[in-house]
Amino acid sequence: MKLPDKFKVLQRKIKPLFQKSSYTKVHSLRLLKAHKKKILFASLGIIVILALIPPVTLLYFAHDLSDKEHLMNRQKTGLSLLDQDGKEFFAFNKPKDVTYIPITQMPKFAQQAVIASEDKNFYTNPGVSLRGIARAFIANITEGKIVQGGSTITQELVKNALLSSSRNYLRKYQEIFLAYEVNRRYSKEDTLEMYLNSVYFGEGAFGIENAATAYFGIHAKELDLAQSALLIGLLPAPSAYSPLSNDPERAFRQQGIVLDEMVKEKYITRDEADLAKQESLSYNLTPEEQHNTIAPHFAIFVKDQLVKKYGEERVIRDGFRVKTTLNSKWQQYAEKIVKNQVLRLQYNKASNGSAIAIDPKTGNIEVMVGSYDWNDEKIGKLNIAISPRQPGSSFKPIIYADAIADRVITAATMLDDKETMFGGTYKPQNYDKRYRGPVTARRALANSLNIPAIKILNMSGVPSGLDMAKRLGITTLGTDAGKYGLSLVLGSGEVKLLELTNAYAVFADRGIYHQPNTVLEIHDKYNKAIEVSQTKPKQVIEDDVAFIISSILSDNKARAEVFGGALTISRPAAVKTGTTDSYRDALTVGYTPNLVVGVWVGNNDNTPMDNIAGSLGAAPIWRSLMENFLYGTRIESFVKPGSTVVKTICPDKKLTDKDALASGYKEYFLHGTEPSKECLAPSTTPKTPSTSSGPSSEDLRPTTNEPKPTQEPITTEPTISPTSVLPSIDITLFPTP
């Protein structure tokens, strides 16, 4: 008899195991004899433990097994989100009564469907299926982890009611003995009744009565064959198959599988199954009454993270109570300010806005305004804070940081702002089609000049810029430099406001990256700790590099020629604006050592606004949030690292000594990049350099901003002077803490 090929392969793998040398066999026997007692005691210990687990488990759960009410685990469920002070601000699937119905009110179709698809031998097995357990054991050994459970309906009831949803062999061992006990105490009808009254169907619905109402707006007894099969088909993965939250076709495929199984088990005929598959179902699309009014986008963002990590059923059934990083007071204020500003800008064709606030020392997200108004059914449901958009010039600091870190430039490097052709085809222009001649890197970044920025990226390379963005936590750009070219520095790649804001947090925290965090701690409905947040900070750039970027972005004097006082607040703050082609996106991102705020204004559909740049659309929101969130707190400055070198330099090396005395200014350098010679120091006692050190305003010629290349994307920033009229905005301060 010939063996199939797959058995031949298996034979070849096993054969060497039986062909060991005599030495190996003798050596193994000696080892067994030498450790005979240890092996014996270990084996006895395992046997004792395995023998004790069943009675201890049964004793522990004796009260819960006493009646149906306890066994169905009808205790508090749902997901509750608390702010950082421990006050609930949002809840999903809020704990509500599970409507219990007797099995006589459950349609036969639903009973038959669940048996056919989940436990064909339900009426004859002793609560467990040895064949199913063996099959699952082999699959788990093959995969190296638990991927199947081989559970019966009785085991599923026990798991849902009494045990944790974690997958491990101890829990499985307990599950088997508890299932035997349930099968001994209760009839099959009672077991099926409890299961269908307690199993999770998704959309917050526990039990078939709640599921019938949630999905179809009817009572369980009114379910027909098609509806029953669809609901039972959801059970393997309710959150993935729900036709209300996902593609209904996935639910129909599951329905088809259940109907086919019912045909195999002869509960229905093939004609009945085909008619059910063709039936057009009407869903209950009436949403639950909404009681949650604060931070809905943040709440959904947190829930999605929890479901991804723990699974929806565990999150809801175990009644997770999650203490989040949200500052409710700040959130309410931010929602108000964003909404007011967007409403003011509607005449300029702006319809939406978003804001993020992060603690740079922890990565904790304290504010997330996903849209200007959640209740706007047309555009309010999109969370712009986590939606990729072009950042415009707000991306430039990342490229400058990369070039400084790689010693390609310094803050004092002179860059020629003149008409330039790159690669023979790319000829960018400044917004006003004027050129400023030689400018320092400090002046170029502070005033957001395009041509110097493109020259810097041309020197350091697009791959290097993408690598820096990745190190700072930006995940949307990838590593394919060919997708971007030199326009990357002008914001041609799409990034998320959350990730861009957190990248600036690296500058704020001296080059240390913190993963954006939303959760402080999690407890279940029994107050058992599930998770406590543990941050893992990582130094991703040198503290000197972070300080120099902060020094430039907080240099009010250096940026005054373009922005005037539009970006100045009552304390040292680093800030950068960004505006994309045709005013499609307006951004402002800025920070102090203890707070980072990012703001976006624009339209969900990417349509242009009417001359709304970052300094006009987003900056007023940014200023208001920064001033109010920081009101009454200690003023912190950016601290110069001890390794950072300070030198007095001259804007023009040809200056006479006399001119140098008046023109020299102090600049910061990475060690080893400082000039070998420095300008003559002024005769007066030199002052310690501050974060605003840089070229004096007298050395700078007034000009307009912002550079505008001839290819996509085009960034624009109009000139803002101290007397420019900005949109009025409410900046009522919080009471002093």
Side-chain angles (χ1 to χ4, degrees), residues 301 354 356 358 360 363 365 382-406 408-409 422-423 426 428 445 448 450 453-508 511-516 538-541 545-546 549 553 576-581 584-589 591 596 598-600 602 604 606 614 618 707 709 711-715:
F301 182 65
S354 178
I356 286 283
I358 298 175
I365 301 172
L382 178 64
N383 187 350
I384 289 290
I386 57 174
S387 302
R389 304 285 302 208
Q390 287 190 347
S393 291
S394 62
F395 194 75
K396 287 176 182 173
I398 295 173
I399 300 302
Y400 274 76
D402 179 53
I404 291 172
D406 287 345
V408 174
I409 65 167
F422 297 92
Y426 184 28
L445 177 56
S448 199
N450 273 356
I454 295 170
K455 288 185 174 181
I456 289 172
L457 182 57
N458 195 37
M459 289 187 285
S460 59
V462 173
S464 184
L466 290 173
D467 180 66
M468 174 58 75
K470 182 179 179 181
R471 286 159 60 189
L472 297 179
I474 293 176
T475 64
T476 54
L477 296 178
T479 57
D480 185 0
K483 291 173 58 178
Y484 306 104
L486 296 178
S487 61
L488 175 70
V489 71
L490 306 182
S492 63
E494 294 187 336
V495 303
K496 299 175 183 178
L497 179 63
L498 170 59
E499 292 183 348
L500 180 65
T501 305
N502 199 53
Y504 276 59
V506 175
F507 301 140
I512 298 173
Y513 172 80
H514 300 269
Q515 179 77 23
K538 181 181 179 182
Q539 190 86 39
V540 293
I541 60 174
V545 175
I549 292 296
L553 296 183
K576 184 73 190 71
T577 63
T579 310
T580 61
D581 179 31
R584 298 176 192 276
D585 304 89
L587 298 93
T588 299
V589 186
Y591 57 92
V596 190
V599 179
W600 172 91
N604 289 11
N606 213 35
Q711 68 179 47
E712 299 281 329
I714 301 174
T715 58

Would you indicate whether the side-chain heavy atoms of [Y] and [X] approach each other to under 4.5 Å?
| X | Y | result |
| --- | --- | --- |
| Trp600 | Ile356 | no |
| Val599 | Thr501 | no |
| Asp585 | Pro391 | no |
| Ile398 | Leu500 | yes |
| Tyr400 | Ile409 | yes |
| Lys576 | Val589 | no |
| Leu497 | Ile384 | no |
| Arg389 | Glu494 | no |

Let me confirm one number: the [atom1]-[atom2] distance from [X] to [Y], rounded to the nearest 0.5 Å.
| X | Y | atom1 | atom2 | answer |
| --- | --- | --- | --- | --- |
| Asp581 | Ser487 | CG | OG | 11.5 Å |
| Leu553 | Ser394 | CG | OG | 11.0 Å |
| Asn502 | Gln515 | CG | CD | 7.5 Å |
| Lys470 | Glu499 | NZ | CD | 12.5 Å |

Margin query: Run Lys496 and Thr476 through side-chain hydrogen bond (donor to acceptor under 3.5 Å, both in side chains) and show every step you take.
Written below: CA-CA 8 Å; Lys496 299 175 183 178; Thr476 54; over 6 Å; no

Shortest non-hydrogen contact from [X] to [Y]?
| X | Y | answer |
| --- | --- | --- |
| Gly511 | Ala546 | N-CB, 3.4 Å |
| Leu498 | Pro516 | CD1-CB, 4.4 Å |
| Ser387 | Leu382 | OG-CD1, 3.6 Å |
| Val489 | Lys396 | O-CG, 3.3 Å |
| Val540 | Tyr513 | CG1-CB, 3.8 Å |

Next item on the list: Report yes or no: does Tyr484 contribute a side-chain atom to a donor-acceptor pair with the main-chain N or O of Leu477 at less than 3.5 Å?
Entry: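 Such a contact is found between Tyr484 side chain and Leu477 backbone.
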
Note to self: Would Val495 and Gln390 count as a side-chain contact (heavy atoms from CB on, under 4.5 Å) here? Give the steps.
What the structure shows: CA-CA 6 Å; Val495 303; Gln390 287 190 347; over 6 Å; no

Check: Parallel, tilted or perpendicular for Tyr504 and Phe507, by the 30°/60° rule?
Finding: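 Rings of Tyr504 and Phe507: perpendicular, as their planes differ by over 60°.
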
Show me, pair by pair, the donor-acceptor contacts under 3.5 angstrom made by side chains of residues 453-469, not counting sequence neighbours?
| unit_1 | atom_1 | unit_2 | atom_2 | d |
| --- | --- | --- | --- | --- |
| Lys455 | NZ | Asp416 | O | 2.5 |
| Ser460 | OG | Ile456 | O | 3.1 |
| Ser464 | OG | Asp402 | OD1 | 3.0 |
| Ser464 | OG | Asp402 | OD2 | 2.8 |
| Ser464 | OG | Asp406 | OD2 | 3.1 |

